[in-house]
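Any value given below was found using the heavy atoms of this structure, including those in side chains, with hydrogens, waters and symmetry copies removed.
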Amino acid sequence: MFIPPDFFMPIVNQAQVDGEDILDIRPINNREVFDMLGHLKPGVTPAQAIADLNSIHAQLEKSYPEEVSHNTFTLGHPGLYVFARPIGAFVAGLMLLAGLILIAACANLGGLFAAHAADRSREIALRIALGSTRARVLRQLFTEAVLLSLAGGAVGLAGSIALLHRLATWQPFSAAPIRLPITLDARIYIVALVLALVSGFLFGIVPVRQVLRANPYEVVKAGPGGLAGRRMTVRDVLLVLQIAVCGVLVTSSMVAIRGLERSLHSNLGFEPRNTMLVGTNLAMAGYRRDRVPAMERSMIDAVATIPGVEQVAIVNNYPPLVDAAGNTENVFRDETRDLKQTNIAAEPFRYEVSPEFFTAAATTLLSGRDLSWRDDKTAPPVAVVNREFAGRIFGSVPRALGRYFRLQDGTRVQVIGVVENGKYMSLTERQQPAMFLPFLQSPPTAQCYVLARSSRDPQALAVALRGKLRELDRGLLLDTQTWSALLDVVLFPSRVATMALGVLGMIGALLSITGIFGMAAYSVSKRLKELGIRIALGAQRTEVLQAALGRAVKLLAFGSVAGLLLGILASRVLASIVYQATPRDPLVLVGVIVAMSLLGLLATWIPAQRALSVNPVALLREE
C-alpha cells in the first residue's frame, strides 16, 4: 500500500484506498491488524490487562471455533518491541563483546603498569627504606591509574557523544525514514564515570602484590634488571587473557563476514539480481475489484513490449522477502471435514501470482507444470507448492502431484506443480511451506507488484517501466526499485552485525598488538645483557630470537587457541542474526589462524629487530 510519509489512515476508510475492508475479513488470522496501542487505566497492572485480553480472546475462540485459533496476548512498550527479542539478543551480545574489550584494555594497561612498577622497583624500594609506607606508594600508583582512566574515559565519552548524534540522524533506508531519538541524560554520564573508575581500579590493582611483597634490601642488592625472572607472572596471565579476548573478537568478526558473504550469494528460492519490481495500488487509482484482473493483464502485456525485458509477471500483495510480516493461510488435508483451528495441517505463506512468475523470479520448478492463463475462474482451483509444503502435507514431492488440500473456506485445491524451497519473510527463518495460487482464481487485490527481469541498466529500465505503465493510466502511483534494493531491509541486521563485530575485532586486534609488543619489548629490554653474552659466545640468530621472544610467542599461541575455541562457542549466537553464519567454516578457522599469526608477527617485529641488533662489546662496556 502506498501511503505518503507522516500520513495515517483510519481503518474504517481502508476499503476506499485498498479495495477491501479488513474488519470484515475472516478468518481472524488473515487480518492485517497485528498490534493494538493503548494506555492502561490508573491502577490497572499489565498482568490484569493481559488477563482481560486473554479472556476476550477465549470468548472469541469459543464463539468462532473455525476461525479463531488459540493464542495469548502480550504487552510491550511502543517502538521496536515487535523485534524486542532479536534486538535484545544482539544488543546483549554487543554489550558482552564490549565488556570483553574493556577487560582486554584493563589487562593491557595492567600489564603495562606492572612492568612500569617493576622498572621503578629500585625507586619504590628506596622510598620504603627511607620510611615511606607501602600504603602511600600504593596510593600514588592508584592515583596515576585513576587519572589515566578518567582521561581516557573523557575522550571515549566525547567520541561516543559524537557517534550517537550521528546515529540519531542516520537513515539506513531511503524509502522508509527512521528516526532514532537518542538523548544523553545523567545516567549515561554516571555509568561512564563508574566504568572509568572501575577500569582504573582494575588495572591499577595489578602491581599491588609486588609492592606489598617487595623487599627493599633484595631489590637494591640485585641492581638494575636483577629481578627479571622466568616464572609465570601476573603480566603473563593478563597477556594470555587479552590475546584470548582478541581471538574471540576476531573469530566472531570472521564468522559474521562469511555469513554475510554467503547470504549475498545464497539460494533464496528466487534470484533478485537483474529483476525490477514495480509496485502499485490499483484501488488508489480508482479501479474497482472487478476491473483489477484485466488491468493487471494489460500491465503484463505492456511491460513485455519494452526492449530488453526478458520475463514479466505479477504477484499480488508482496513478493517474498519484501513484506516483513508475510501473508499466511490455514491449510487442511483433503480428508479433513471439520475445518477447526485444531485440525490445521499447515500455515503456508500464500502468494497469488500470474503465469511466468517462476520464470521471472528464476525459481526452479521441481515437478509438474507451471501456472497458465487457462487457470482462471472457469477452471478447477489449482496451486503450485514448494518442497516443504509437499513434504509436510503429502510426505514427498512425487506424492504431492495431483493430490488435493483444502483452504480455510473449504475450497478444494489440486497441486499441479512443486517448486524449490525459498526464504519468504527473513533469511534466518526455518524452512516454511508456501503455496502459489493463480491470481485469476483468487479474490482481486488492489496491491500488486510487476516483476520485470532484464539485463538492462536498472535506471534506464525504471524510466521505461514508468513510462510504459503510465501510457495505460497516468493516474497510477508507481514505486520502482530493484528486488535487490528491497532486500536491503532483510540484510540490514546481518550488515549491522558484521560492521559492529568488525569494529570490535579491529579494536581487539589493536589491543592485542600493543599487549604483545609491550610484553616482548619489556622482555628484550630486561634481558639485553644475557642476549649480548649469547651473541658474544656465537649464538645463532634463531637461538637469540627464541631466547628473547620464545615466551611471548608461546603465550600468543596459548591465548590464540583459547580465543579460537571460545570464539567458536560464542559465534553460535550469530546464527540467529547473520544468515548461514557458522564457526565450523574452514575458511574462518584458517583466517583466524592467519590473522592471529600476523598480529603476533607485527607486534614482535620491532622487539625482534632490537634483540638481533645487540652489540655485545658496547653492552658489556656499559656494564
task = In sequence, state the C-alpha distance, the side-chain angles, and the governing distance for Tyr351 and Phe357, and then conclude on ring pair (Phe, Tyr, Trp, His ring centres under 6.0 Å).
result = CA-CA 11 Å; Tyr351 297 97; Phe357 169 80; 7.5 Å; no
Chi angles and distances behind the side chain to side chain contact (heavy atoms under 4.5 Å, CB included) call for Thr359, Leu365 = CA-CA 9 Å; Thr359 305; Leu365 183 67; over 6 Å; no
inquiry  = Under a 3.5 Å cutoff, is there a donor and acceptor pairing between the side chains of Asn330 and Gln408?
reply    = yes
Full working for side chain to side chain contact (heavy atoms under 4.5 Å, CB included) between Phe270 and Phe358 = CA-CA 8 Å; Phe270 57 90; Phe358 302 114; over 6 Å; no
Exercise: identify the closest heavy-atom pair between Leu440 and Pro293 = CD2-CB, 4.2 Å
inquiry  = When you compare the side chain of Met425 with that of Asn327, does any pair of heavy atoms fall below 4.5 Å?
reply    = no
query = Between SG of Cys448 and CE of Met299, what distance do you get to the nearest 0.5 Å?
reply = 4.5 Å
request  = Answer yes or no: is there a side-chain heavy-atom contact under 4.5 Å between Val312 and Leu451?
outcome  = no
message = Show the nearest heavy-atom pair for residues Gln441 and Lys377, with the distance to one decimal.
response = O-NZ, 3.5 Å
ask   = Take atom CZ in Arg474; do more than 12 heavy atoms of anything else shown fall under 6.0 Å from it?
value = no
ask   = Under a 4.0 Å N-O cut-off, is there an ion pair linking Arg350 with Glu329?
value = yes
ask   = Side chains of Thr482 and Leu277: does their closest heavy-atom pair fall under 4.5 Å?
value = no
request  = Using the side chain to side chain contact (heavy atoms under 4.5 Å, CB included) rule, pick out the option among Asn316, Leu282, Thr445 that qualifies with Val292.
outcome  = Leu282
ask   = Under 6.0 Å from the six-membered ring centre of Trp483 and within 45° of its axis: does the NZ or CZ of Arg453 meet both?
value = no
Ser442 side-chain N/O to Pro438 backbone N/O, donor-acceptor pair under 3.5 Å = yes
request  = Mark yes or no for whether Arg392, through its side chain, and Arg387, through its backbone, hold a donor-acceptor pair below 3.5 Å.
outcome  = no
request  = Check the surroundings of atom CZ in Arg374: do more than 12 heavy atoms from other residues, nucleotides or ligands lie under 6.0 Å from it?
outcome  = no
ask   = Do Thr364 and Val419 touch side chain to side chain, with heavy atoms closer than 4.5 Å?
value = no
Minimal non-hydrogen separation, Asn343 against Phe332, with atom names = O-CD2, 3.3 Å
query = Can Glu420 and Thr363 be said to form a side chain to side chain contact (heavy atoms under 4.5 Å, CB included), step by step?
reply = CA-CA 7 Å; Glu420 62 179 324; Thr363 299; 4.0 Å; yes
message = Assess the residue pair Ile300 and Trp373 against the criterion (side chain to side chain contact (heavy atoms under 4.5 Å, CB included)); give the C-alpha distance rounded to whole Å, side-chain angles, the decisive distance to 0.1 Å, and a yes or no.
response = CA-CA 12 Å; Ile300 293 176; Trp373 291 107; 3.7 Å; yes
query = So, do Val303 and Leu469 sit near enough that their side-chain heavy atoms are less than 4.5 Å apart?
reply = yes
key: Gln432 side-chain N/O to Arg430 backbone N/O, donor-acceptor pair under 3.5 Å   = yes
task = Working to the nearest 0.5 Å, report the span between CE of Met435 and CD1 of Ile393.
result = 10.0 Å
inquiry  = Measuring from atom CD of Glu352 to atom CG of Leu437, what distance do you get when rounded to the nearest 0.5 angstrom?
reply    = 6.5 Å
ask   = Do any N or O atoms from the side chain of Arg456 and from the backbone of Pro307 form a donor-acceptor pair under 3.5 angstrom?
value = yes
inquiry  = Please find the pair of heavy atoms, one from Val385 and one from Val415, that lie closest to each other, and give the distance.
reply    = CG2-CG1, 3.9 Å
task = Count the heavy atoms of every other residue, nucleotide or ligand shown that sit under 6.0 Å from CD of Gln459, and state whether that count exceeds 12.
result = no
inquiry  = Main chain of Ala434, side chain of Asn386: is a donor-acceptor contact present, judged purely on distance under 3.5 Å?
reply    = yes
request  = Would you mind reporting whether Val450 and Thr280 have side-chain heavy atoms less than 4.5 Å apart?
outcome  = no
task = Could you grab the distance from atom CD of Gln414 to atom OH of Tyr404, nearest 0.5 Å is fine?
result = 3.5 Å
Beyond-backbone contact of Phe439 with Val353, side-chain heavy atoms, under 4.5 angstrom = no
message = Using a 3.5 Å distance criterion without hydrogens, assess whether the side chain of Glu271 forms a donor-acceptor pair with backbone atoms of Ala360.
response = no
Cationic N near anionic O, under 4.0 Å, Asp334 to Arg406 = yes
inquiry  = Between Arg369 and Asp375, does any NZ, NE, NH1 or NH2 come within less than 4.0 Å of an OD or OE carboxylate oxygen?
reply    = yes
query = Does the gap between the ring centers of Tyr449 and Tyr318 come in under 6.0 Å?
reply = yes
inquiry  = Please give me the minimum heavy-atom distance between Glu310 and Ser455, naming the atom from each residue.
reply    = OE2-OG, 3.6 Å
request  = Give, for atom CG of Leu371 and atom CG of Asp376, the distance between the pair rounded to the nearest 0.5 Å.
outcome  = 12.0 Å
query = Can you tell me how far CD of Glu296 sits from CD1 of Ile314, rounded to the nearest 0.5 angstrom?
reply = 4.5 Å
ask   = Do Arg289 and Pro443 touch side chain to side chain, with heavy atoms closer than 4.5 Å?
value = yes
Side chain Ser298, main chain Ala294, donor-acceptor under 3.5 Å = yes
query = How far apart are the closest heavy atoms of Thr411 and Pro381, and which atoms are they?
reply = CG2-CG, 3.9 Å
